Amino acid sequence: MSAPLYLPAMAVGSCLGLGKAATVEPLFAGSRQGIAPHPDYPVPVGALPSGLPPLPPALAGWECRNNRLLAALAAEIGDEIKDAIRRFGRHRIAVVLGTSTSGIAEGEQAIAHHAHSGSWPDGFHYRQQETGGGAAFLADLLGLTGPAYVVATACSSSAKALASAARLIRCGLADAAIAGGADTLCKMTVSGFGALEALSSTPCNPFSANRDGISIGEGGALFLASPDPAEIALVGVGETSDAHHVSAPDPEGRGALAAMRAALDEAGLTPDEIAYVNLHGTATRLNDAMESKAMAALFTTPVACSSTKAMTGHTLGAAGAVETAILWLTLSRRWNPDGRVPPHLWDGINDPDLPPLALAGPETRLPDRARLAALSNSFAFGGSNCCLALSREES
């Protein structure tokens, strides 16, 4: 087992709310209010519930919604970041993020402006939508000079960013990291999933016999990752690449199963020691079928699980970070003193073709034991799979 990497600080934002305090109650209450009709899109989406302040004038060249979200998340854990800078030095802190949209929305607006006027809007620059821009921006914002880069592997991006940050620290290239990701709404992704006939016209219905596609959301999460002991640790990472198809998963879930097993192996855990699994659970026909098979193959004893995408929407490249943040909140004694589990929201109609899962309800609670562990699954186009194992250490 590799040495654990601790996660002493976390910030999260989604259509449930911006910040831990705004997120925790609707998350454990099972709120569907965040996924709603939006004037800019033909289907319900999960939009952030509040505006994001503009960037400081000195950083105006980075202006885009994705970077504004990253700045808001960084502000929530600003004190912990400052402490890490004092402890390790600016040159020893890495920034590793995942995204799939970056600032594409601003690019869409600029193209529309150019088509109408023949000129680009004032202040527009390609860096606003460049895939790696978020990490460079965040390093600039925080004054960090360590490694800074973005992982872009579709829906596993920010889960793999956490895995990559762990490797940087374990191999001595950094002493700490700011890791996570952000994705914000844009027409390109909604239209793209529409072209794949993968969008639901109603809030998504994961693992139901009636499931008919995803709901897209926006959001992000950032973690301070450090070797210094804290309550919650990243103890295992499992990554596989089954390359079954450019967009469809392996129908038997072999890559997903291998990723979960690898995360458990690295953590030194058995399936019986897992208290909760945050499922990838996109509510597409193919994803939910293969993930059910993988879960049934791994857990011979049922384990509480849920897809929180019915609350947050699918935040695409940010999904791994957002759902790891949900694990963090679930395991946290401060934020979840009653040991609640995020409930699985759906219509309750089982698909007889899927192996049954122990989908969490409103009354589901974590086991009463000092050390708890949980998994978060992220499965992407091209068979890019990542599973993260978190544990809550004994107090």
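Nothing here was measured: the structure is a model prediction, and the numbers come from that model.
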Sidechain-backbone polar pair: Trp328 side chain, Phe223 backbone, donor-acceptor under 3.5 Å: no
Under 3.5 Å donor-acceptor, Glu291 side chain and Gly281 backbone: yes
Would the distance check show the side chain of Ser158 and the main-chain N or O of Ala321 forming a donor-acceptor pair, the cut-off being under 3.5 Å? yes
Could I get the full list of side chain to side chain contact (heavy atoms under 4.5 Å, CB included) partners for Asn210, not counting sequence neighbours? Asn205, Ser208, Asp347, Ile349
Considering all heavy atoms of both residues, which atom of Met260 and which atom of Ala294 are nearest to each other, and what is their separation? CE-CB, 3.7 Å
Nearest non-hydrogen partners of Phe207 and Ser307, listed with the distance: CE1-CB, 4.3 Å
Check this for me, if you would: do Arg87 and Glu80 make a salt bridge, where the nitrogen-to-carboxylate-oxygen distance has to be below 4.0 angstrom? no
Ser226 vs Phe88, side-chain contact (heavy atoms from CB on, under 4.5 Å): CA-CA, chis, key distance, verdict: CA-CA 10 Å; Ser226 163; Phe88 300 110; 3.9 Å; yes
Are Val341 and Val12 in one and the same hydrophobic cluster, where Ile, Leu, Val, Met, Phe, Trp and Tyr link if side-chain heavy atoms are under 4.5 Å apart? yes
Please tell me whether Leu70 and Leu316 are part of a single hydrophobic cluster in this structure, the criterion being side-chain heavy atoms less than 4.5 Å apart. no
If only atom types and distance count, is the side chain of Ser306 paired as donor or acceptor with the main-chain N or O of Thr308 below 3.5 Å? no
First locate atom OG1 of Thr324, then atom CG of Leu7, and finally report the distance between them rounded to the nearest 0.5 Å. 8.5 Å
Out of curiosity, Met10 CE to Leu73 CG, how far, rounded to the nearest 0.5 Å? 10.0 Å
Hey, mind stepping through Leu18 and Leu52 against side-chain contact (heavy atoms from CB on, under 4.5 Å) and telling me if it holds? CA-CA 10 Å; Leu18 184 57; Leu52 296 167; 3.8 Å; yes
Is there a donor in the side chain of Ser102 and an acceptor in the side chain of Asn66, or the other way round, less than 3.5 Å apart? no
Co-members of the apolar cluster containing Met188 [side chain, <4.5 Å]: Ile104
Could you tell me if Ser241 and Glu239 have a donor-acceptor pair between their side chains, going purely by distance under 3.5 Å? no
State, with a plain yes or no, whether a side-chain heavy atom of Tyr6 is found less than 4.5 Å away from one of Pro227. no
Applying a strict under-4.5 Å side-chain criterion to I, L, V, M, F, W and Y, I'd like to know whether Ile232 and Leu222 cluster together. no
Show the atom names and distances, to 0.1 Å, of all donor-acceptor pairs under 3.5 Å that link a side chain in residues 33-45 to residues at least two apart or in another chain.
unit_1 : atom_1 : unit_2 : atom_2 : d
His38  : ND1    : Asp40  : N      : 3.0
Tyr41  : OH     : Cys186 : N      : 3.4

Interatomic distance, OG@Ser332 vs CG@Leu327, rounded to 0.5 Å, equals 12.0 Å
Looking at every heavy atom in both Pro343 and Pro362, which two are closest together, and how far apart are they? CB-N, 4.2 Å
Which salt bridge (charged side-chain N to carboxylate O under 4.0 Å, His left out) pairs, counting each pair once, include a residue from residues 57-77, with sequence neighbours left out? Lys20-Glu76, Glu63-Arg68, Arg65-Glu218
How are the rings of His314 and His280 set to each other: parallel, tilted or perpendicular (split at 30° and 60°)? perpendicular
Counting C-beta onward and ignoring hydrogens, is there a side-chain heavy-atom pair between His113 and Phe124 closer than 4.5 Å? no
As an exercise, state the distance from CG of Leu257 to CG of Asn377, rounded to the nearest 0.5 Å. 10.0 Å
Would you give me the side-chain donor-acceptor pairs under 3.5 Å for residues 383-390, sequence neighbours excluded?
unit_1 : atom_1 : unit_2 : atom_2 : d
Ser384 : OG     : Ser156 : OG     : 2.9
Asn385 : ND2    : Thr240 : OG1    : 3.0
Asn385 : ND2    : Asp242 : OD2    : 3.0
Asn385 : ND2    : Gly383 : O      : 3.2

Between Ala275 and Leu366 the two heavy atoms that sit nearest each other are CB-CD2, 4.1 Å
Tell me, do Tyr149 and Ser164 make a side-chain contact under 4.5 Å, heavy atoms counted? yes
Heavy-atom nearest pair, Asp338 first then Arg365, reads O-CD, 3.3 Å
Please check this pair: side chain of Asp183 against backbone of Ser100, looking for a donor-acceptor N/O pair closer than 3.5 Å. yes
Nearest atoms (heavy-atom pairs only) where Leu269 meets Ala373: CD1-CB, 3.7 Å
Steps toward side-chain contact (heavy atoms from CB on, under 4.5 Å) verdict (Ser391, Arg371): CA-CA 7 Å; Ser391 75; Arg371 185 173 189 252; 3.8 Å; yes
Enter the distance from His125:NE2 to Glu106:CD here, rounded to the nearest 0.5 Å. 14.5 Å
Are Met290 and Leu286 linked, directly or through other ILVMFWY residues, by side chains that come within less than 4.5 angstrom of each other? no
To the nearest 0.5 angstrom, please state how far the CD1 atom of Ile77 sits from the CD1 atom of Ile178. 5.5 Å
Could you check whether any side-chain heavy atom of Lys309 comes within less than 4.5 Å of a side-chain heavy atom of Pro206, counting everything from C-beta outward? no
Extract all donor-acceptor atom pairs below 3.5 Å that involve side chains of residues 350-361 and protein atoms in other chains or at least two apart in sequence.
unit_1 : atom_1 : unit_2 : atom_2 : d
Asp351 : OD1    : Asp353 : N      : 2.9
Asp351 : OD2    : Arg211 : NH1    : 2.8

Would Leu375 and Leu264 count as a side-chain contact (heavy atoms from CB on, under 4.5 Å) here? Give the steps. CA-CA 9 Å; Leu375 301 180; Leu264 290 176; 4.2 Å; yes
Any side-chain to backbone donor/acceptor pair from Asn336 onto Thr330? Under 3.5 Å, distance only. yes
Could you see if Leu144 belongs to whatever hydrophobic cluster contains Leu141? Use Ile, Leu, Val, Met, Phe, Trp, Tyr and a side-chain cutoff under 4.5 Å. yes
